[in-house]
Number of protein chains: 2
Amino acid sequence: MTVEESVTGTVAFMLGKLGQAATGRFADRLAPFGLRPRHCAVLELLTAGPQAQLALARTIGVTPSVVVDMLDELEELGALRRVRDTVDRRRQLIELTPDGHGLRRTAVRLAGETDEELLGGLTAEEAALLRRALGRMASASGIPAPG
Amino acid sequence: MTVEESVTGTVAFMLGKLGQAATGRFADRLAPFGLRPRHCAVLELLTAGPQAQLALARTIGVTPSVVVDMLDELEELGALRRVRDTVDRRRQLIELTPDGHGLRRTAVRLAGETDEELLGGLTAEEAALLRRALGRMASASGIPAPG
DNA sequence: TATTGTTATACTCTATAACTATA
DNA sequence: TATAGTTATAGAGTATAACAATA
């Protein structure tokens, strides 16, 4: 059965509303550390090793100018360094500092707290199913989601 | 187990990213009809009968000035009428026109199509579980979600 | 005084296009 | 010519604050 009788009960609509709320709550927790939700994907990608900016943009799924902005902010926090690539001098390799690794661990903790808040009304089993279903949706819909 | 080792794998983060993508795809389908996702909650609430603007704002969970904007747009589409309340002349009762009812039915259909696209990679059982879990989250987290 | 609706304004997030420096 | 990064700008979307009309 694919026919719905309401819009607000569809996954598309609820996902939008809940996503907005979830991002807002996560942002509230990150703010005291100078971080914002969108920074987190960058921190996470860089733990694997240095990356060029355009590579980051493509993997995360945002436009290059947004990456410049995010990196400016994270650099100001001392979370990363831009290192000019000696082979191709157009490129800058972005590498995490020790502070950056620390901020990532903080972000992981705060994201976990946000999850507990959001999932409080669900059983552990439901929460696990939800987590898996969201992951499946992301990859099936071709939504960039590193990790 | 509540401790995560990644941010991008948390429900909070995935919900944000997926919500953004879901809203975008729904918006693409609505655009040819002059509608936007946020209009849908208004259309749906008004099918039950006329409502004052502040009542709409509170139920939907947006600030009053946003409601003014949405109603301006929907009025221009011929989807609704503002009728001054004779009892309390500060109030305007918003009522759906026949065209408004038609637009709502269209929105329901398009939301269903968006769901099929988003849930394509999931089994029917998983989709049902996801729908229920999202509904539970919305009410448990106190997120305004009419319907 | 308080409330309904409105306007003006600002802030966040994202995207596009034009620019620079390198290749 | 093409690519990596940057800047400038614009467009959604939302929120706050001040305002007019009415209670």
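Order of the sequence lines sets the chain letters (A, B, ...), proteins ahead of strands, with each chain counted from 1.
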query: Does some side-chain heavy atom of F26(B) sit less than 4.5 Å from a side-chain heavy atom of T10(A)?
result: no

V42(A) and I60(A) have their tightest heavy-atom pair at CG2-CD1, 3.5 Å

Sorted by chain and number, sequence neighbours left out, side chain to side chain contact (heavy atoms under 4.5 Å, CB included) with A22(A) holds for L118(A), L15(B)

L54(A) CG to dT6(D) P, in whole Å, measures 10 Å

Ordered by number, residues from residues 28-35 of chain B within less than 4.0 Å of DNA chain C (heavy atoms) are none

Sorted by chain and number, sequence neighbours left out, side chain to side chain contact (heavy atoms under 4.5 Å, CB included) with T97(A) holds for R81(A), D99(A)

Rounded to whole Å, the CG-C1' distance (D69(A) to dA4(D)) equals 17 Å

Hits for side-chain hydrogen bond (donor to acceptor under 3.5 Å, both in side chains) against D28(A), two or more places apart or cross-chain, chain-then-number order -> none

To the nearest angstrom, the CD-P distance between Q53(A) and dA21(C) comes to 16 Å

The side chain to side chain contact (heavy atoms under 4.5 Å, CB included) partners of Q51(A) (sequence neighbours excluded) come to L46(A), A55(A), L56(A)

List, with names and distances, any nitrogen or oxygen atoms from the protein found under 3.5 Å away from nitrogen or oxygen atoms belonging to nucleotides 15-17 of chain D.
from    : atom 1 : to     : atom 2 : distance (Å)
dA15(D) : OP2    : T63(B) : N      : 3.4
dT16(D) : O4     : S65(B) : OG     : 2.8

Residues in residues 81-95 of chain A with a heavy atom under 4.0 Å of DNA chain D, by number, are R82(A), R90(A), R91(A), Q92(A)

Across all chains, not counting sequence neighbours, the salt bridge (charged side-chain N to carboxylate O under 4.0 Å, His left out) partners of D85(A) are none

When rounded to whole Å, the CG to C1' distance for the pair D72(A) and dT7(D) reads 11 Å

To the nearest angstrom, the CE-C1' distance between M70(B) and dG5(C) comes to 14 Å

Residue set satisfying side chain to side chain contact (heavy atoms under 4.5 Å, CB included) with R136(B), at least two apart, ordered chain then number -> L122(A), E126(A)

Residues joined to L54(B) in its hydrophobic cluster, side chain to side chain under 4.5 Å directly or through other members, sorted by chain and number, are none

On DNA chain C, more 5' by nearest nucleotide between A27(A) and A52(B) is A52(B)

To the nearest angstrom, the CD-P distance between Q51(A) and dA4(D) comes to 13 Å

Besides L129(A), the hydrophobic cluster formed by Ile, Leu, Val, Met, Phe, Trp and Tyr side chains linked at under 4.5 Å, directly or via other members, contains L129(B)

note: E73(A), atom CD; dT12(C), atom C1'; distance rounded to Å ~ 11 Å

Residues at least two apart in sequence or cross-chain that pass side-chain hydrogen bond (donor to acceptor under 3.5 Å, both in side chains) with R38(B), listed by chain then number, are none

